[in-house]
Amino acid sequence: MRFLLDAEQRDFARTLDSLLAAADSPSAARAWARGDHALGRALWDRLAKAGVFALAVPEAFDGAGRLPLELTLGFEALGRHAVPGPAVETVAAAVLLSELVDAGPDAVGFHDGGLDGLGLGDAGPDGPGPGGAELGDTRGGGPGSEAGAAAGDGAGYARGLLSRFASGDALATLRVDGGYALDADVADVVLVVAGQTGEELWLAAEPGPAAPSHDPARRLFTPAAAGRLLARGPGVAAGVERARAWGALATAAQAVGVGRALLEQTVGYVRERRQFGVAVGSFQAVKHRLADVLLALEFARPLVHAAALSLDPVDIAMAKVTAGEAACTAARAALQLHGAIGYTEELDLSLWLRKARPLRDAWGTPASCRARIVGVG
Amino acid sequence: MRFLLDAEQRDFARTLDSLLAAADSPSAARAWARGDHALGRALWDRLAKAGVFALAVPEAFDGAGRLPLELTLGFEALGRHAVPGPAVETVAAAVLLSELVDAGPDAVGFHDGGLDGLGLGDAGPDGPGPGGAELGDTRGGGPGSEAGAAAGDGAGYARGLLSRFASGDALATLRVDGGYALDADVADVVLVVAGQTGEELWLAAEPGPAAPSHDPARRLFTPAAAGRLLARGPGVAAGVERARAWGALATAAQAVGVGRALLEQTVGYVRERRQFGVAVGSFQAVKHRLADVLLALEFARPLVHAAALSLDPVDIAMAKVTAGEAACTAARAALQLHGAIGYTEELDLSLWLRKARPLRDAWGTPASCRARIVGVG
Amino acid sequence: MDLTHDAETEAFRGEARAWLAAHVPSAPLPSLETREGFAAHRAWEAELAADRWSVVSWPEPYGGRGADIMRWLAFEEEYYAAGAPGRVSQNGINLLAPTLFDHGTQEQRARVLPPMARGEVIWAQAWSEPESGSDLASLRSRAVRTNGGWLLSGQKTWSSRAAFADRAFGLFRSEPGLPRPHLGLTYLMFDLRAPGVTVRPIGRLDGKPAFAELFLDEVFVPDEDVIGAPGEGWRVAMSTAGNERGLTLRSPGRFLASARRLAALWGSTGRDPAVGDRVADALIGARAYQLFTYAGASRFAAGATIGAESSLNKVFWSEYDIALHETALDLLGPEAERADGPWAEGWVFSLAGPVYAGTNEIQRDIIAERLLGLPKGRR
Amino acid sequence: MDLTHDAETEAFRGEARAWLAAHVPSAPLPSLETREGFAAHRAWEAELAADRWSVVSWPEPYGGRGADIMRWLAFEEEYYAAGAPGRVSQNGINLLAPTLFDHGTQEQRARVLPPMARGEVIWAQAWSEPESGSDLASLRSRAVRTNGGWLLSGQKTWSSRAAFADRAFGLFRSEPGLPRPHLGLTYLMFDLRAPGVTVRPIGRLDGKPAFAELFLDEVFVPDEDVIGAPGEGWRVAMSTAGNERGLTLRSPGRFLASARRLAALWGSTGRDPAVGDRVADALIGARAYQLFTYAGASRFAAGATIGAESSLNKVFWSEYDIALHETALDLLGPEAERADGPWAEGWVFSLAGPVYAGTNEIQRDIIAERLLGLPKGRR
């Protein structure tokens with residue numbers, strides 16, 4: 001028992017923090033919200049070089065092996081710096097695809113590139129696939145243009161994607177249970193889980209219609225289960241379950257980072273801002289409110305780390321609900337203690353303020369997490 | 001529309017307040033907790049002379065007619081001064097019995113004094129009954145000694161009781177739904193509602209076993225549905241429903257009074273008590289906490305008054321839950337801001353502190369009230 | 001004590017209800033914090049005014065119906081129950097107009113109020129400055145005496161509606177250097193399109209320009225646009241602030257309607273028993289707020305003034321409003337993330353409640369000091 | 001980073017579990033705040049001590065097992081999971097003993113600790129005085145030098161366990177008139193049955209004499225019962241207070257067991273969906289508190305000291321404990337009124353949490369000032 005980050009882990013977290021602090025992530029987030037993804041993708045490249053996106057990809061596909069604890073450190077940094085983009089979704093897609101390629105042919109049937117959308121062949125060969133299937137090929141493909149997939153069968157294609165996720169070269173998004181696929185317009189791969197029992201995995205041809213989120217750096221798409229049927233079988237549903245767990249974990253870590261950023265900025269503000277002749281931070285009501293924010297965050301983070309160690313669904317649910325609520329507590333306090341300026345989009349604070357509630361509800365609402373914890377969900 | 005107490009109502013409230021302030025109600029409450037009821041009954045006599053116990057009794061039985069708004073003023077005063085005893089229960093019993101004597105023979109069959117416990121005759125004559133049935137007669141009567149009731153039939157007996165309630169001469173308690181009958185050892189009349197559909201009303205022979213309450217001035221009894229079957233029929237269940245409404249209303253008013261007393265005593269304390277060289281009441285955290293108590297009470301009281309005006313079950317449920325929670329909010333703040341001294345039974349504050357939670361749950365828990373408000377209970 | 005409106009009020013209520021049923025747009029107007037929505041809401045004000053429903057509590061000569069506070073409350077209940085649009089004129093109607101009735105001249109009332117009632121002139125408030133948020137008395141914008149009027153210079157901020165409004169009102173320091181900061185302030189009205197005025201819209205959290213910064217550079221204001229005596233602005237404004245924080249800032253009708261919508265949402269989303277208590281609390285809170293307001297209105301009708309208890313009112317509705325909207329978002333589950341849903345704008349709007357019109361921290365200080373008598377000064 | 005106890009700890013845990021399964025009384029003991037219960041709990045301490053389970057973290061010569069903090073945590077988890085009795089010796093074991101290990105003499109440890117471990121001497125704490133609750137430095141009770149020792153005079157209050165305990169420890173002012181109130185205090189141990197000591201039990205809310213007032217009139221204490229140097233008492237005590245507020249005041253095992261009991265109560269009362277979220281929060285809170293403590297213990301094991309973060313710990317468990325018990329009472333419905341139910345005593349006990357060992361108001365000040373760096377001094 002040593003429930004402490006080791007030196008390497010602390011270094012990793014510190015490195016990411018410095019990297020992102022130097023990278024002007026607020027500008028990237030604002031540009032992303034305007035539909036300009038260049039700065040954001042540049043950020044992703046730097047994070048990929050630091051190894052963040054390899055943390056959910058097995059070594060066989062150029063990943064770091066699956067390292068959930070390190071992943072939570074990465075996502076806490078992403079949250080702390082308001083990094084835009086479908087990062088959680090790319091992790092979830094990576095977990096899903098690697099589960100699929102590991103599953104046997106009884107569990108998952110892959111598209112073999114030679115049949116139409118309904119006909120599924122056996123899983124492809126065991127070795128690494130060509131990996132060279134251009135993403136453009138599949139995105140262009142509708143049900144009537146299946147010939148474009150001849151460059152690789154489904155399993156090989158999945159393997160190729162995994163390498164590209166690990167290198168930060170591809171962004172993915174995922175739609176499950178009729179929910180939203182985040183940033184499907186910019187994602188290189190849009191996956192849609194469909195079918196009565198969630199056993200179909202589609203490569204969507206189109207991002208579908210968009211809806212705005214409270215966080216303008218997030219755009220919510222509803223791609224249809226159409227395009228190419230990448231895989232089918234009970235292994236898809238099982239893989240989605242694992243993907244959800246990782247998605248919830250990464251979101252919880254991101255929420256802790258968002259909460260920390262909000263707390264730090266608010267502490268900084270109330271130390272400087274003066275009203276009635278004194279620093280706002282000297283009022284006891286202000287102090288106590290910020291003490292409660294710290295309390296919420298300090299008791300959320302250990303839950304996130306423990307969930308990463310066990311990957312147990314109840315542990316993950318505990319981490320998700322607690323981190324999400326802590327971020328919202330931080331947001332409410334930050335808004336209140338900044339006064340009117342905090343209510344504007346001009347202040348960078350808004351980049352975090354608007355993220356707290358979406359992260360609380362994405363990848364497992366508090367209600368669904370609590371239901372799982374008491375065993376009714 | 002004039003949602004304000006009129007001068008007469010304000011006078012009534014003020015009179016009760018002065019009367020009770022002069023009467024050393026804390027000593028009466030402490031004595032009551034020790035099982036010495038003399039001071040408490042003396043208090044009841046004074047309240048009865050001021051007209052409090054006539055407020056739930058129709059004029060035909062020497063009451064003031066039913067005046068629910070004035071009743072809430074009375075019960076707020078009782079709460080504010082921690083008056084001990086089954087006051088709410090006596091009101092509920094008065095409402096129940098007057099409903100029964102008003103119901104027709106199709107709805108309620110009364111014990112006619114000549115049959116055994118299972119045989120019920122018609123309701124008695126319409127005029128005022130003899131009213132002279134000694135309470136001792138009925139309390140002594142078991143199923144085998146029904147002859148003792150020959151002095152009056154059930155309806156006449158009920159009428160006699162109502163007069164005695166109005167004059168403060170008799171205290172009643174009531175057991176419904178297998179709950180507790182408060183202070184059944186000291187009550188002159190112990191009623192028990194029983195039967196599959198709550199259509200039987202028993203005059204219990206014995207108070208039954210006692211259990212302690214968090215408030216030592218309350219003792220919880222479980223009398224058996226045995227002794228004399230006073231009345232039976234669907235009118236009993238309907239009357240109990242009305243009695244419950246009045247019980248909840250009176251309890252809500254009492255809770256507001258308890259909350260006010262706690263707030264006043266705590267404000268007084270923090271103005272005097274000094275720590276770190278200043279009055280405790282000058283700390284912003286203390287101020288804000290007490291502001292929240294005032295807020296809770298000031299928004300609870302109008303609900304109590306409105307419920308008294310309409311006697312609508314949803315209005316009463318709103319008043320009950322809000323007043324009960326407000327009293328508990330006041331208790332928590334009072335305990336915290338008094339520090340250790342507030343945690344002792346020695347300080348009179350404890351007389352109110354220990355009342356808040358029982359009143360919150362008696363005559364309708366918050367859960368049952370909220371369920372009724374959203375229409376599922 | 002009774003809760004029954006008199007026959008006159010009920011008749012008035014019935015008339016309002018019938019008019020609203022016939023006129024309220026079937027589809028919601030676009031947000032009033034957008035250019036398009038502002039215009040649509042201005043048109044709605046004109047439609048209200050055409051049948052004298054825009055300022056029911058004003059005297060008839062100014063476009064009102066002389067409704068007393070009980071009829072005003074009844075009107076508001078009907079207004080929100082009908083799902084009618086938000087009031088783009090509210091700064092003028094709720095803040096400036098009461099000041100003009102109390103402190104303005106006959107000429108000012110005749111000139112300013114009718115176009116306000118018709119939505120022809122929409123008013124922005126201009127209280128705050130960058131360095132004085134909660135601490136209003138520390139204002140620094142100046143009003144300098146000139147021939148026939150005043151020259152305003154300085155900066156105002158958080159001027160709600162100013163992005164698209166026509167005119168504004170606020171306090172300016174006309175006599176600097178006096179011993180207390182509340183002294184030497186003057187209450188003025190000015191044109192947002194006058195020379196020397198620069199309006200810089202500020203986006204609120206959802207990006208809509210709900211307020212603006214105003215940069216004033218020797219903006220001429222004629223003497224006729226001073227309200228009350230020069231130098232007396234603080235006293236004049238405080239009567240407005242008292243009004244703002246009192247009974248009319250948020251009418252109970254608004255929350256009664258919201259609570260009913262919430263209960264309907266709960267019903268239509270499967271009556272989740274885990275959320276039932278919070279739905280009940282929303283229904284209770286709306287009723288409690290209505291009753292608290294009725295009690296205040298009854299005291300007001302009996303000749304009392306609204307004092308520090310308006311701080312109770314402010315804290316209650318602002319926290320209630322957030323809780324109600326967060327319950328709605330929780331019922332929506334993952335759908336709640338959509339910023340374009342019917343509950344989304346209400347939620348964003350609610351978040352500002354505890355901050356503006358006197359932060360809830362300050363309101364709680366006032367409650368503790370003025371209503372409970374706790375020692376002043378330390379915070 | 002890992003959450004797996006080493007094999008030695010697991011073996012230790014298994015041994016504790018087996019012992020507890022064989023020894024924990026099947027029926028709960030009477031409340032330790034009654035004379036009868038105090039005696040029963042004292043006997044239980046002796047039973048624990050007989051097999052060296054009363055002070056597992058102490059060195060073996062004093063009756064312990066030299067358990068490190070991880071084994072101590074494992075023991076506590078097993079202890080509460082087994083439903084074992086409350087610890088009547090906790091003042092001595094958790095507050096006095098750490099002070100003696102840090103500041104006592106070899107002679108003092110040899111004399112004081114073994115009878116403490118065996119429950120033969122039960123210790124009361126004597127910190128507070130009537131005029132110094134949260135403001136401990138303002139103590140006024142005196143220690144006056146006399147031949148071979150000190151004479152204690154004055155009044156102590158809120159002395160927990162003192163109604164039935166044997167001895168007490170606390171701070172006394174030995175050098176009055178020094179410029180700062182923290183100076184000139186001396187840490188002493190004294191006998192509650194010595195001449196000059198009057199113990200007046202104080203009933204807590206449920207009437208049980210959980211603490212007492214102590215009146216001291218020239219009570220002689222020999223020099224051998226001074227801990228640390230005379231005049232250095234504040235420094236000596238602060239190490240104890242740090243310990244009290246740190247990791248050992250409330251062990252996570254206690255709350256893990258309570259949360260499991262709450263979940264069982266929820267299950268046995270029909271799984272009311274309106275209360276499910278609060279049951280989930282109790283389970284989450286117990287786990288979060290366990291993990292927070294593990295993190296602190298890991299830092300401690302790695303050589304760090306427990307600082308201001310112990311204030312986070314204190315606020316968390318004290319508010320958690322009340323919420324957990326109030327959820328239980330809500331599940332009990334009207335039955336919750338009974339003061340003799342299994343949850344009742346826990347609830348009354350929990351209510352004191354935010355007040356004692358430094359009020360939560362002071363803890364939040366500390367969190368804000370020391371952990372967040374907000375300006376000190378104004379409150």
Side-chain angles (χ1 to χ4, degrees), chain A residues 1-6 9 69-70 73 263-264 266-268 270-271 278-310 314-315 317-322 325 366-367 369-377, chain D residues 1-6 9 69-71 73-74 263 266-267 271 273 275-285 287-299 301-302 304 309 311-313 315-316 319-320 360-361 363-369 371-379:
Chain A
M1 154 79 73
R2 187 188 152 90
F3 194 52
L4 276 183
L5 299 177
D6 62 28
Q9 290 159 340
L69 183 64
E70 284 71 11
L73 303 179
L263 176 60
E264 286 161 11
T266 307
V267 165
V270 301
R271 287 167 70 167
V278 296
V280 167
S282 67
F283 291 108
Q284 198 182 29
V286 172
K287 287 183 183 179
H288 285 198
R289 187 134 187 198
L290 290 173
D292 283 338
V293 173
L294 181 66
L295 197 69
L297 289 167
E298 290 291 323
F299 281 85
R301 192 192 269 120
L303 288 168
V304 174
H305 291 164
L309 290 179
S310 75
V314 167
D315 284 348
M318 285 184 170
K320 179 68 182 51
V321 62
T322 308
E325 301 280 25
C369 290
R370 289 193 174 99
R372 168 158 268 173
I373 290 161
V374 295
V376 297
Chain D
M1 184 175 231
D2 74 271
L3 272 167
T4 316
H5 289 289
D6 57 28
T9 304
I69 192 160
M70 293 303 172
R71 276 186 287 158
L73 286 166
W266 182 66
R271 300 172 78 81
V275 188
D277 281 0
R278 291 163 67 197
V279 174
D281 286 344
L283 292 166
I284 295 170
R287 175 72 169 155
Y289 183 68
Q290 179 191 39
L291 293 168
F292 184 87
T293 306
Y294 279 155
S298 298
R299 279 195 299 275
E309 69 266 35
S311 294
L312 292 167
N313 180 305
V315 173
F316 187 89
E319 299 189 347
Y320 171 83
N360 284 10
E361 286 81 3
Q363 302 293 357
R364 285 191 166 89
D365 285 348
I366 292 172
I367 292 167
E369 292 167 10
L371 297 176
L372 295 175
L374 293 177
K376 222 175 131 74
R378 293 176 70 87
R379 288 207 166 87

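Here is the naming used below: chain letters follow the sequence lines, and residue numbers restart at 1 for every chain. Nothing here was measured: the structure is a model prediction, and the numbers come from that model.
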Review point. Among D:L371, D:V279, D:D281, D:N360, which has the most heavy-atom pairs under 4.5 Å with chain A?
Key: D:D281

Exercise for review: Test A:M1 against D:T9 for side chain to side chain contact (heavy atoms under 4.5 Å, CB included), laying out the working first.
Suggested key: CA-CA 9 Å; A:M1 154 79 73; D:T9 304; over 6 Å; no

Review point. Do the non-hydrogen side-chain atoms of A:H305 and D:M1 ever get within less than 4.5 Å of each other?
Key: yes

Exercise for review: Report the relative orientation of the aromatic rings in D:F316 and A:F299; use parallel for angles under 30°, tilted for 30 to 60°, perpendicular for over 60°.
Suggested key: parallel

**Study point:** A:V270, part contacting chain D, at a heavy-atom distance under 4.5 Å
**Key:** side chain

Practice item. Examine whether an atom of A:L295 lies under 4.5 Å from a heavy atom of chain D, and if so say whether it belongs to the side chain, the backbone or both; otherwise answer neither. Key: both

Check your understanding: What is the ring orientation for D:H5 with D:Y294, classed by angle as parallel under 30°, tilted 30 to 60°, or perpendicular over 60°?
Key -> perpendicular

Check your understanding: Side chain, backbone, both or neither: which part of A:E325 has a heavy atom under 4.5 Å from chain D?
Key -> neither

**Study point:** chain A contact via D:D6 - side chain, backbone, both or neither, heavy atoms under 4.5 Å
**Key:** backbone

Check your understanding: Is chain A contacted by the side chain of D:A295, its backbone, both, or neither, given a heavy-atom distance below 4.5 Å?
Key -> both

Point to revise | Audit row: A:H288, D:E361, side chain to side chain contact (heavy atoms under 4.5 Å, CB included) steps and yes/no | key: CA-CA 8 Å; A:H288 285 198; D:E361 286 81 3; 4.1 Å; yes

Check your understanding: Where on A:L5 is there a heavy atom nearer than 4.5 Å to chain D: the side chain, the backbone, both, or neither?
Key -> both

Point to revise | Rounded distance [0.5 Å steps], CG in D:L372 versus NZ in A:K287 | key: 10.5 Å

Check your understanding: chain D: which of A:V286, A:L263, A:D292 shares the most heavy-atom pairs with it under 4.5 Å?
Key -> A:D292

